[in-house]
2 protein chains.
Amino acid sequence: MSSEQKSADGPRAGARPPGRPPRLELATIVGAARHILETEGPAGLSMRRLAKEVGSTPMALYRHVRDKDELMLLAVDGLAATVPRPELPADPRERVHVTALHMHDVLWEMPWVVDIISLGELTDRHALWMVEEIVDSAMACGLGESDAVHAYRSIWHFVLGTLVFRSAMARRARQPDRPRYFMEMLREADPAEMPRLAALSDRWPEVLDGYDVARELRAVVDGLLDRRPAR
Amino acid sequence: MSSEQKSADGPRAGARPPGRPPRLELATIVGAARHILETEGPAGLSMRRLAKEVGSTPMALYRHVRDKDELMLLAVDGLAATVPRPELPADPRERVHVTALHMHDVLWEMPWVVDIISLGELTDRHALWMVEEIVDSAMACGLGESDAVHAYRSIWHFVLGTLVFRSAMARRARQPDRPRYFMEMLREADPAEMPRLAALSDRWPEVLDGYDVARELRAVVDGLLDRRPAR
DNA sequence: ACCTGAACACCGTTCAAGT
DNA sequence: ACCTGAACACCGTTCAAGT
């Protein structure tokens, strides 16, 4: 999907279309939506709020987008093209590592994109090169076609989970008056029943603070690339 | 967090409390909420709908729960106690595998729980044994304390990502009139630029269909357990 | 102490009418 | 062809009043 396809549905340029001329453009709407998403997150985006932003009425938007879902997909679409591709090393295993980490790092900077992607589908063709790169390099590492595709998907699951978890933590942190159930549970852990957690409870935040996504991703990718072939 | 804590805030049993006797009980509210969540998912749960379900008004609920967020956490709380623990093998690596897969399998059957957890925090103390088990067994496999905790977290990221992705796919599938952007993009992939994806495009659904979470989880866990220690 | 009703400040979307 | 206004069917939550 790309924005051009959408506007290409209109009358040919140069023709004199009948009826009222458009005052609102899809690009304006999507741009304003993106701006709201970037500054206030998905919670801040409503059709009514967006209409105000572009100086129009909620219903005018529905001339240009099917519904809010489509609008959010359009807001995400095209973003990958704005991010420069990383330099890839020669070694195929390293290529998988770098590409997977790139996938993570780019989305890490755009939390609102994660919130939208996590309820939909990949729609940006400029992001496809990462799928190709990981599948191709995984095969160069000796994986069969299916295993390479599955490795790609597992890497995506890990990256998505990492980002969704971070998102959830950030959400909780924004409500500081609420109890920290997990920490409380750790503190109350019975050392006889849960010796490791009881011993760890004091240092839990520090230990988690030392979590290094790049290092974890490396271990996960290695596991996926080193497995024995299926059957 | 557990339901008893909450109800223990009330007057002592045996005392004759002044004022109007309660007609609504927290357990009733949480039970009804759970029922709605199980049958209709998080989208079906609203305070107004829930009030109707228990034969009361929306505002009566706020005597018993702080807000909708707390209600949803209470609905999730206690679920782990209803699931029997799996038999664990003796070998520590196998223990990690079995526990991690158990974590996945249990939540796989409760998609609505994933939707709630993915915007909050683990709150059920009866689920803590899985954290303990994975950390302890990972250490028995030779990992240091920090690495074991990080391995646990990475396993959780992978499981969460797997479930969130499935949730997103299911959501898309429920709207069959909407375009399948990803498949379209694959079909249009330029073989010169993306040879792997172009070659795969026809068989993509079948290949994904062969995705086996248990096998992927095994590879991911092995990668995390086999890595070199930090520093 | 507990519950109710009315109200506030919102939602996404449909429909009929205007330009 | 495009935009507007009013309306429908909802939200979560606060506040003041009732029992």
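Lettering follows sequence order; numbering is per chain, from 1.
Of the inter-residue distances, the one linking B:Leu101 atom CG with B:Arg215 atom CZ reads 14.0 Å to the nearest 0.5 angstrom.
On the P atoms, C:dA9 is 23 Å away from D:dA9, given to the nearest whole Å.
Using a cut-off of 4.0 Å between Lys/Arg side-chain N and Asp/Glu carboxylate O, B:Asp77 and B:Arg34 are scored as not salt-bridged. A salt bridge is absent between A:Arg125 and B:Asp190: the closest approach of a Lys/Arg side-chain nitrogen to an acidic carboxylate oxygen does not fall below 4.0 angstrom. We find that B:Asp209 and B:Arg203 are not joined by a salt bridge, their nearest charged nitrogen and carboxylate oxygen being 4.0 Å or further apart.
Each of A:Arg48 and B:Arg63 lies near DNA chain C, and the nucleotide nearest B:Arg63 is the one positioned closer to the 5' end. Each of B:Glu25 and A:Tyr62 was assigned the nucleotide of DNA chain C with the nearest heavy atom; the assignment lying further toward the 5' end belongs to B:Glu25.
The side chain of A:Ser56 contributes an N or O atom lying less than 4.0 Å from OP1 or OP2 of D:dT4. For D:dC3, the OP1/OP2 oxygens have a side-chain nitrogen or oxygen of A:His64 closer than 4.0 Å. Proximity of B:Ser46 to the phosphate of D:dC11: a side-chain N or O atom is located under 4.0 Å from OP1 or OP2.
We find that CD of B:Glu40 is positioned 15 Å from C1' of D:dC10, with the value rounded to whole Å. The distance between atom CG of A:Asp67 and atom P of C:dC11, rounded to the nearest whole Å, is 17 Å. Between B:Met59 atom CE and D:dT14 atom C1' there is a gap of 7 Å when expressed in whole angstrom units. For the pair A:Ile29 CD1 and D:dC3 C1', the interatomic distance rounds to 11 Å; values are reported in whole Å. If you take CE of A:Met72 and C1' of C:dC11, they are 13 Å apart, rounded to a whole angstrom. Atom pair B:Leu61:CG and C:dA1:C1' shows a separation of 16 Å (rounding to whole Å applied). Computed from coordinates, the B:Lys52 NZ to C:dC3 P distance equals 19 Å when rounded to whole Å. Atom pair A:Met47:CE and C:dT13:C1' shows a separation of 9 Å (rounding to whole Å applied).
Consecutive Watson-Crick or G-U pairs involving DNA chain D, each under 3.5 Å on both distances, make up stems of three or more pairs at C:4-8 with D:12-16, C:12-16 with D:4-8.
B:His64 and B:Leu26 get closest at one heavy-atom pair: O-CD1, 3.6 Å.
For B:Lys68, the side-chain atoms get nearest to D:dG12 when compared with the rest of C:dC11, D:dG12, D:dC15. Here D:dC3 is the nucleotide among D:dC3, D:dG12, C:dG5 with the atom lying nearest to any side-chain atom of A:Ala60.
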In residues 51-63 of chain B, what donor-acceptor pairs under 3.5 Å come from side-chain atoms, sequence neighbours left out?
residue	atom	partner	partner atom	Å
B:Glu53	OE1	B:Arg49	NH1	2.5

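Checked against B:Ile117 for a side-chain contact (heavy atoms from CB on, under 4.5 Å), the options B:Asp124, B:Val164, B:Leu107 give a single hit: B:Leu107.
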